[in-house]
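A, B, ... follow the sequence lines: proteins, then strands. Residue 1 opens every chain.
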Amino acid sequence: MNNMMIGRYLPLDSFIHKLDPRLKIGSLLILLVSVFFDAGFLGYGILGLFVILLLILSKLKFSQILKAIKPMLFMILFLAVFNLFFIQRGNIVFQFWIIKIYDQAIIQTLYIFIRLVLIIMMTTILTATTKPLDLTLGLEHLLSPFKKIGFPTHEVAMMISIALRFIPTLLEETQRIMKAQASRGVEFSEGSLKEKILSIVSLIIPLFISAFQRAEDLANAMESRNYNPEAERTRYKQLHWQVSDSLAFTCVLLVTGTLITLSLI
Amino acid sequence: MSIEFKSVEHTYSPDTPFAYHALKGVDLKIKKGTMCALIGHTGSGKSTLIQHINALLLPTAGEVNIEDVIITATDKPSSLKGLRKKAGLVFQFPEYQLFEETILKDVIFGPKNFGATEEEATSIAKEVLSLVGLDESYLERSPFELSGGQKRRVAIAGILAMEPEILVLDEPTAGLDPQGAKDMLDLFKRINETGKTVIIVSHDMDQVLSYCDEVIVMNKGKVEEHVATSELFEKVDYLSSLSIDLPTITSFIHQLNQNGFHIDHSIKNLNELAKAIRGEINE
Ligand SMILES: Nc1ncnc2c1ncn2[C@@H]1O[C@H](COP(=O)(O)OP(=O)(O)OP(=O)(O)O)[C@@H](O)[C@H]1O
Ligand SMILES: [Mg+2]
């Protein structure tokens, strides 16, 4: 829990860190979509190289990305195995008892594996290089066109930034309560099913109570300062689109363009 | 020897950009049966240190020895559970660990985890609850409808019910009313008098002076002093360099002495002080 990498901001000083959050969010969305174009292994090779380039530019270490992938590994493997056994197209390459494995299944499984790893890498790059508050600011800007049709842009952005703000607090709280209960003889990783359930209960209940308490305190603090979500507000922090942002966006579009072309031919 | 630290280091989140070196070579020996205060500036590593005593944190280097159970970076003792029963740790603001429907159930949670039967646990629970000042009428009430101070008492009872040999308390009286704080400390003193080792993290020097035999001073991740309480409060300049206040009575004696009195620094209570002053005036 101490070494959680997913969604964590890493305060480094890099080219990617300095890019406009709007650009980074937009690019992530575009790249996420292009992951799903069937551009063959060549396409994934290109996208993979591009992501590795981003990694190097953002000064993140490969080990940090691995840490982000690790908690998801179980899910990825589960999906992969599922696919391997249940896709029944193409030629059988392996047969044992009632298990048949087809060549299409192997290819699809590899695709899924590559896609998920790429998605996690790209998302981690975004969250590791962008401060949570910049992230919500960017999101609010990107969503602002929808204000015209009554979408509560500001409220949504506020909710997201509060949620992001409290993730580390809740993790810390979880750790604190786990330690307190461990001092009372709870072993979170061992024991029978009944003991496990009891140990989870001893964690969840105090966690919820303190989360509700915090929510109430925060709401009171905001209200007593007269917070009104509908009020027109100005910003201390302004976003400035720069040449480097346009340049980066062009690169993203080029990569996506290549992938689309590859998937069409 | 009940507790021994040998060149203990602790780094939080090692090998990440968030790495923080919180303990820097701590050497420490605490004899069985002492009542010991742990003081130091906020962030000096007190809470980090005490979490090594029941192996909630493992040293990143060095060795901790708790009643002959040895904890190092690589090997956890095989029975962590045994160690957790031996050394009861009460966290700062322990009231946030309550979770059961009734106070009784919450207090017997610990002993039952360590293998006590329901009846044994219940009888200990009733005993410790009355020790912390909550009578039988509280047993079946929900812990969540209590006041903050009462919740704290229940949480402390939950640790006392485990009957630990070593009792470690992280700022147990922070936020309690003066009488409540005094009751708590009197209770810890009584527990200490039955031969148990008691370690209290405290920022209140008056408490330290009147209740503790020894004081450990931490500064920036190191143990700087480990001396008898009376000896510590003679080091006026050292304490003020750490911005630690003197106990009220010691500070008063200090001021009297600066104005020509010669009163013994180690006087702990008002009666003795009054006698000493009368003695000087009558001379
Ligand atoms: N889980 C953690 N991860 C990283 N750093 C931590 C963690 N817990 C504590 N620290 C750091 O270690 C240092 C020592 O913290 P510790 O809690 O031991 O201080 P303390 O002496 O108990 O202070 P206080 O009197 O405020 O309780 C602090 O600088 C703190 O920022
Ligand atoms: Mg502390």
Checklist entry - What part of B:Leu89 is in contact with chain A, defined as an atom under 4.5 angstrom from a non-hydrogen atom: side chain, backbone, both or neither? => result both

Checklist entry - Using non-hydrogen atoms only, which part of B:Gln92 is less than 4.5 Å away from chain A: side chain, backbone, both, or neither? => result backbone

Next on the checklist: I'd like to verify something: which residue of B:Gln51, B:Arg84, B:Met162 has the highest number of heavy-atom pairs under 4.5 Å with chain A?
Outcome noted: B:Arg84

Next on the checklist: In the structure I gave you, are the side-chain heavy atoms of A:Lys179 and B:Leu57 within less than 4.5 Å of one another anywhere?
Outcome noted: yes

Next on the checklist: Only heavy atoms, only distances under 4.5 angstrom. Which residues in residues 202-209 of chain A are near chain B?
Outcome noted: A:Ser202, A:Ile205, A:Pro206, A:Ile209

Checklist entry - Has A:Glu155 got more than 12 heavy atoms of other residues, nucleotides or ligands less than 6.0 Å from its CD? => result yes

Checklist entry - Should the heavy atoms of other residues, nucleotides or ligands under 6.0 Å from NZ of B:Lys46 be counted, would the total exceed 12? => result yes

Checklist entry - Which answer fits B:Tyr96, side chain, backbone, both or neither, if we ask what part of it has an atom under 4.5 Å from a heavy atom of chain A? => result both

Checklist entry - Taking everything shown except B:Lys189 itself, do over 12 heavy atoms lie less than 6.0 Å from its NZ? => result yes

Checklist entry - Under 6.0 Å from the CD atom of B:Glu63, do we count more than 12 heavy atoms belonging to anything else shown? => result yes

Checklist entry - Can you tell me if A:Arg184 uses its side chain to pair, donor with acceptor, with the backbone of B:Asp106 under 3.5 Å? => result yes

Item to check | Exercise: identify the closest heavy-atom pair between A:Tyr9 and B:Phe18 | outcome: O-CZ, 3.7 Å

Checklist entry - Looking at OG of A:Ser183 and CD1 of B:Ile159, how far apart are the two atoms once the value is rounded to the nearest 0.5 Å? => result 6.0 Å

Next on the checklist: Main chain of B:Gln97, side chain of A:Arg176: is a donor-acceptor contact present, judged purely on distance under 3.5 Å?
Outcome noted: no

Next on the checklist: If the condition is side-chain contact (heavy atoms from CB on, under 4.5 Å), which residues does B:Glu163 pass it with, not counting sequence neighbours?
Outcome noted: B:Lys85, B:Ile124

Item to check | Atom pair OG/CZ of A:Ser199 and B:Phe109 - distance to nearest 0.5 Å | outcome: 7.5 Å

Next on the checklist: Please determine whether the number of non-hydrogen atoms from other residues, nucleotides or ligands lying under 6.0 Å from atom CZ of B:Phe114 exceeds 12.
Outcome noted: yes

